[in-house]
Amino acid sequence: MSNRSTRASNAVDRLKERSGNPGWSMSRTGSGHFFLTAGPGQPPLCPPMELDEFVAFVNAQGPQKPQRISKLDVAFEKQLTKKAPKA
């Protein structure tokens with residue numbers, strides 16, 4: 001399996017984990033483009049795409065994981081909101 005396929009299949013695996021639906025499936029065309037289906041034998045949910053476009057498309061599907069925010073990030077945000085912009 002090529003590095004391209006691994007990157008795309010990892011994106012699909014993350015989607016399966018986020019959505020709780022193990023049926024998501026990825027296919028690769030002869031020209032090296034990827035597309036997503038809801039399961040094997042299902043119609044494609046997107047046109048065939050290049051790797052970067054495909055990974056971005058798959059990452060945007062399903063529920064999103066909340067971003068982890070550290071205590072330092074929270075403190076920094078407080079400092080930013082305390083400082084009023086000077087006009």
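Heads up: numbering here begins at 1 and tracks the sequence. Side-chain atoms are counted along with the backbone in the values below, which use heavy atoms only and exclude waters and symmetry mates.
Applying the ring-ring contact (aromatic ring centres under 6.0 Å, His included) test to every pair with at least one member in residues 7-31, sequence neighbours left out, gives no pairs at all.
The CD atom of Gln61 sits 12.0 Å away from atom CG of Asn21, with the distance rounded to the nearest 0.5 Å.
Closest non-hydrogen pair, Pro44 versus Thr37, comes out as CA-CG2, 3.8 Å. Minimum interatomic distance between Glu50 and His33 (heavy atoms only, all atoms of both residues): OE2-NE2, 2.8 Å. Residues Arg28 and Phe34 approach most closely at CD-CE2, 3.7 Å, considering heavy atoms. For the residue pair Leu45 and Ala38, the shortest heavy atom distance occurs at CD1-N, 3.8 Å. Across Lys16 and Pro22, no two heavy atoms sit closer than the pair CE-O, 3.7 Å. Of all non-hydrogen atoms in Ser25 and Pro40, the two that sit nearest each other are CB-N, 4.1 Å.
Crowding of Gln42 atom CD: a count of heavy atoms from other residues, nucleotides or ligands under 6.0 Å exceeding 12.
Listed for the Arg14 side chain is no donor-acceptor partner under 3.5 Å among the backbone atoms of Ser9. Within the 3.5 Å criterion, the main-chain N or O of Val55 finds a donor-acceptor partner in the side chain of Asn59.
Residues Val12 and Phe54 meet the side-chain proximity criterion, which asks for heavy atoms closer than 4.5 Å. Annotation: side chain of Phe57 is in contact with side chain of Met49 (closest heavy-atom distance under 4.5 Å). Using a 4.5 Å heavy-atom threshold, the side chains of Leu36 and Leu15 count as touching.
In this structure, the side chain to side chain contact (heavy atoms under 4.5 Å, CB included) partners of Leu72, at least two apart in sequence or on a different chain, are Ser70.
A salt bridge links Asp52 with Arg7: the distance from a Lys NZ or Arg NE/NH1/NH2 to an Asp or Glu carboxylate oxygen falls below 4.0 Å.
With hydrophobic clusters built from ILVMFWY side chains whose heavy atoms lie under 4.5 angstrom apart, Leu51 shares a cluster with Val58.
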